[in-house]
Number of protein chains: 2
Amino acid sequence: MSVPLYQAKAELFRTLGHPVRIRVLELLQDGPKPVRDLLAAIDVEASNLSQQLAVLRRAGMVTSYRDGPLVMYALSTPDVADLLAAGRRILGAVLTDRDALLDELRAGGPDR
Amino acid sequence: MSVPLYQAKAELFRTLGHPVRIRVLELLQDGPKPVRDLLAAIDVEASNLSQQLAVLRRAGMVTSYRDGPLVMYALSTPDVADLLAAGRRILGAVLTDRDALLDELRAGGPDR
DNA sequence: TACCGAGTTGAAGGATTTCGCAAGTGCTAA
DNA sequence: TTAGCACTTGCGAAATCCTTCAACTCGGTA
């Protein structure tokens, strides 16, 4: 195979590995939105947002189309929302584990 | 919360954004494994693997313990497997879309 | 036509990551 | 104690990513 599967997977996840891109995807979960709205919600420069949108477009995670004077973006497949949800679940699991460890340390662990 | 949620999410996904780390997690889905085995399966230098394992450890996605002369690694939570599965699903959706486009573009010989 | 708002693109820089080598730690057996 | 396997860590060099600025395209409107 030309691009090993595990490399394609890594690229997929790396695409999500940026705060602005995550926020865009989360905002688009509620339906298509114009760049205007994303820009108003995210606090980032227009050109920067545009660059991040381009990354998401190249990765095939969003699609865009023009609606009069506005450019609209939408998730290319609802599966993206599943992935975000799975991420939320893990984040919960991992963070509680870490907090448990922190609490253990703070309480004065078995060895010091 | 000290770190905004969307940033924590981005870090989580970025952790998965590396071929070696993806392979490690997939191999660990079948149960704990010593570094030896990972090394034999992945084709990467020992020091490099060690560094990627350290990244996964810091992110809280795997745990390690020593068993005699070997160091064992395991997924810290089975939720990680869910995330990988979700990734696989999206990859399917996104790649078929893209392949359809590619086929449309080239109508010709196999290369790359 | 000229102009303006909405987005995009290209390029430069600075910041992060990644990689391989060399050196170091831990455990076990001789 | 010495040797040796199993890993890990420190550290530059190279590759990659992120951000910003300036310039550009596209629609709508006067």
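Predicted model, so just to flag it, every value in this text is computed and none were measured. The sequence lines fix the lettering, A, B, ..., with proteins before strands; numbering per chain opens at 1.
Residue B:Y65 shares its hydrophobic cluster (ILVMFWY side chains chained together at separations under 4.5 Å) with B:M72.
For residues 46-71 of chain A, there are no salt bridge (charged side-chain N to carboxylate O under 4.0 Å, His left out) pairs, not counting sequence neighbours. Evaluation of the side-chain hydrogen bond (donor to acceptor under 3.5 Å, both in side chains) test over residues 9-18 of chain A, restricted to residues two or more places apart or in two chains, returns A:K9-B:E26. For the side-chain hydrogen bond (donor to acceptor under 3.5 Å, both in side chains) condition, the pairs that include at least one residue of residues 43-54 of chain B, sequence neighbours left out, are B:R21-B:Q52, B:N48-B:Q52.
At C:dG7, none of the side-chain N or O atoms of A:R57 fall inside 4.0 Å of OP1 or OP2 (strictly under the cut-off). For the OP1/OP2 pair of D:dC7 and a distance below 4.0 Å, the side-chain nitrogens and oxygens of B:Y65 include no atom meeting the criterion.
The CG atom of A:L39 sits 10 Å away from the P atom of C:dT8 (whole-angstrom rounding). At whole-Å resolution of the value, CZ in B:R36 and C1' in D:dC7 are 11 Å apart. Rounded to whole Å, atom P of C:dC19 lies 12 Å from atom CG of B:D43. With rounding to whole Å, B:L53 atom CG is found 15 Å from C:dC19 atom C1'. Between the C1' atom of D:dT16 and the CZ atom of A:R58 lies a distance of 13 Å, rounded to the nearest Å. Counting to the nearest Å, the C1' atom of C:dA6 and the CG atom of A:L49 are 12 Å from each other.
For the pair B:V80 and B:V62, the minimum side-chain heavy-atom distance is 4.5 Å or more.
Here B:A46 pairs with B:L39 under the side-chain contact (heavy atoms from CB on, under 4.5 Å) rule; sequence neighbours left out.
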Once base and sugar-phosphate atoms are separated, protein heavy atoms under 4.0 Å mark nucleotides 18-30 of chain D, 5' to 3', with B, S and - as SSBBB----SS--

